[in-house]
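The structure appears below as structure tokens.
First the proteins, then the strands, lettered A, B, ... as listed; each starts at 1.
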There are 2 protein chains.
Amino acid sequence: MARRQASLQRAQDDDAPVGDLEGLLGYNLKRAYVILRNDFRDALGEDGFAPRVFSALSLIVQYPDITQSELARVLGIERSGLVAIVDDLEARRLVQRKPVPGDRRVQALAPTAAGIAAYDTARAAVQAHEAARLSNFTKAEQETLMQLLRKIRAVED
Amino acid sequence: MARRQASLQRAQDDDAPVGDLEGLLGYNLKRAYVILRNDFRDALGEDGFAPRVFSALSLIVQYPDITQSELARVLGIERSGLVAIVDDLEARRLVQRKPVPGDRRVQALAPTAAGIAAYDTARAAVQAHEAARLSNFTKAEQETLMQLLRKIRAVED
DNA sequence: TATTGTTATACTCTATAACTATA
DNA sequence: TATAGTTATAGAGTATAACAATA
């Protein structure tokens, strides 16, 4: 604990906190995550998709007839939380719940044509904002960062 | 959009989503952040510090007599949100609000002896959990990851 | 008995706006 | 006029528990 009682000058320059927090992965992840989440909202505008809704739509478009339970598991959220997300997408006529022959408990989720189009538009906007945010990164740095972030997930208990 | 209608097999293996989302920084950040946040809670236990309270305590311990406004700015949150955090720390007798001679609007924040001890304990626990989470990372990878995450903040608007 | 989708509920996090006391 | 701290409030986001229909 040698840095205690140091000056706050460096922190006052920018909004870069100093000291122990800088050395903690959780803290650095949180700060970076908040920046990207705000970028996301800027990219999709006032009544654009919430991040979770975008992620759900992405999977429904890419894996049509995915069920809600599968979707919840893949996204790492609760089934109950998915209801409002799918309600949202269905209210916008971007996704449709369909009965599955052979198991009447299950609802398969399929994108409408409008859903596919809306997803492509949103994805392009998000990707553009991310590219702008990473404009000071080399391609190699971008790839390394993504790879290391995925590596954290690889060990998940 | 070539991957559309592909199989969900890979996603079903683990909880690793596939497709477009994997290529988005925001998504990868969110997933990694959630893992580290859960680790943080495991590290500090049932009624341990919330992440924000821990961060505030960290700065108060390292920069005693920091004001609430400075603290809010450094942490990137609103002044109003800091009240409950400092209330929490003061209720636990870990931090004290002190009047500042010369400007009676300001409250300086100072850690108590118990606050310093509690911080050191908590920090050690968090660091241990982070080290465990990163056990499959080389030292160089850990350093690269931290550096790239900080680099995202460096361009913040 | 177990699973899918659902509802109800509550709790955390956080931003906005307005207030007060000081400057 | 502007700033520090505060209060009230509301909106996300998300987890838990319980339920009905179905397997």
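Residues B:Arg79 and A:Val34 both approach DNA chain C. Their nearest nucleotides, taken by heavy-atom distance, put A:Val34 toward the 5′ side. In terms of position along DNA chain C, the nucleotide closest to A:Val106 lies nearer the 5' end than the nucleotide closest to the other residue of the pair A:Arg37 and A:Val106.
Rounded to a whole Å, the CD1 atom of B:Ile77 is 15 Å from the C1' atom of D:dA4. Regarding B:Arg73, its CZ atom lies at a distance of 14 Å from the C1' atom of D:dA4, rounded to whole Å. Rounded to a whole Å, the CD atom of B:Gln107 is 19 Å from the P atom of D:dT3. Taking atom CD1 on B:Ile85 and atom P on D:dT7, their separation rounds to 14 Å, with Å as the unit. In this structure, B:Asp88 places its CG atom 14 Å from P of D:dT6, rounding to the nearest Å. Here C:dT4 presents its P atom at 13 Å from CD1 of A:Ile66, a figure rounded to the nearest Å. A:Leu75 places its CG atom 16 Å from the C1' atom of D:dA15, with the value rounded to the nearest Å. Atom CG in B:Asp87 sits about 12 Å away from atom P in D:dA8, given to the nearest Å.
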Go through the steps for B:Arg123 and A:Asp20 under the test side-chain contact (heavy atoms from CB on, under 4.5 Å), then give the verdict. CA-CA 8 Å; B:Arg123 180 178 46 82; A:Asp20 295 347; 3.1 Å; yes
Which is it for B:Ile35 and B:Arg133 under the side-chain contact (heavy atoms from CB on, under 4.5 Å) test, yes or no, and what are the steps along the way? CA-CA 9 Å; B:Ile35 292 172; B:Arg133 173 63 59 190; 3.4 Å; yes
Where do B:Gln142 and B:Thr138 land on the side-chain hydrogen bond (donor to acceptor under 3.5 Å, both in side chains) test, with the steps shown first? CA-CA 6 Å; B:Gln142 295 183 28; B:Thr138 66; over 6 Å; no
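Contact annotation for B:Val83: base contact, defined as any heavy-atom pair under 4.0 Å involving a base atom. Contact annotation for B:Glu78: base contact, defined as any heavy-atom pair under 4.0 Å involving a base atom.
Under the 4.0 Å criterion applied to side-chain N and carboxylate O atoms, A:Glu22 and A:Arg31 are not assigned as salt-bridge partners. A:Glu46 has no carboxylate O lying under 4.0 Å from a charged side-chain N of A:Arg41, or vice versa, which leaves the two without a salt bridge. A salt bridge links B:Asp87 with B:Arg97: at least one charged nitrogen is closer than 4.0 Å to a carboxylate oxygen.
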Look for any protein N or O under 3.5 Å of an N or O in nucleotides 11-13 of chain D and output each such pair with its distance, or none.
unit_1 : atom_1 : unit_2  : atom_2 : d
D:dG13 : OP1    : A:Arg41 : NH2    : 2.7

Sort me out a list of protein N/O and nucleotides 20-23 of chain C N/O pairs below 3.5 Å, or just none if empty.
unit_1 : atom_1 : unit_2   : atom_2 : d
C:dA23 : OP1    : B:Arg104 : N      : 2.9

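In this structure, A:Ser69 does not reach the C:dT3 phosphate: none of its side-chain N or O atoms is under 4.0 Å from OP1 or OP2. Between A:Gln68 and the phosphate of C:dT3, there is no side-chain N or O to OP1/OP2 separation shorter than 4.0 Å. At D:dT6, one or more side-chain N or O atoms of B:Arg97 fall inside 4.0 Å of OP1 or OP2 (strictly under the cut-off).
The shortest non-hydrogen separation linking B:Leu57 to B:Leu94 is CD1-O, 4.5 Å.
Side-chain atoms of A:Ser80 and base atoms of D:dT16 include a donor and an acceptor less than 3.5 Å apart.
In this structure, A:Phe40 has its ring center under 6.0 Å from that of A:Phe54.
Side-chain atoms of A:Pro111 and A:Tyr119, non-hydrogen and from C-beta on, never get closer than 4.5 Å to each other.
Note on B:Val106 and B:Ile60: separate hydrophobic clusters, where clusters join Ile, Leu, Val, Met, Phe, Trp and Tyr whose side-chain heavy atoms are under 4.5 Å apart, directly or indirectly.
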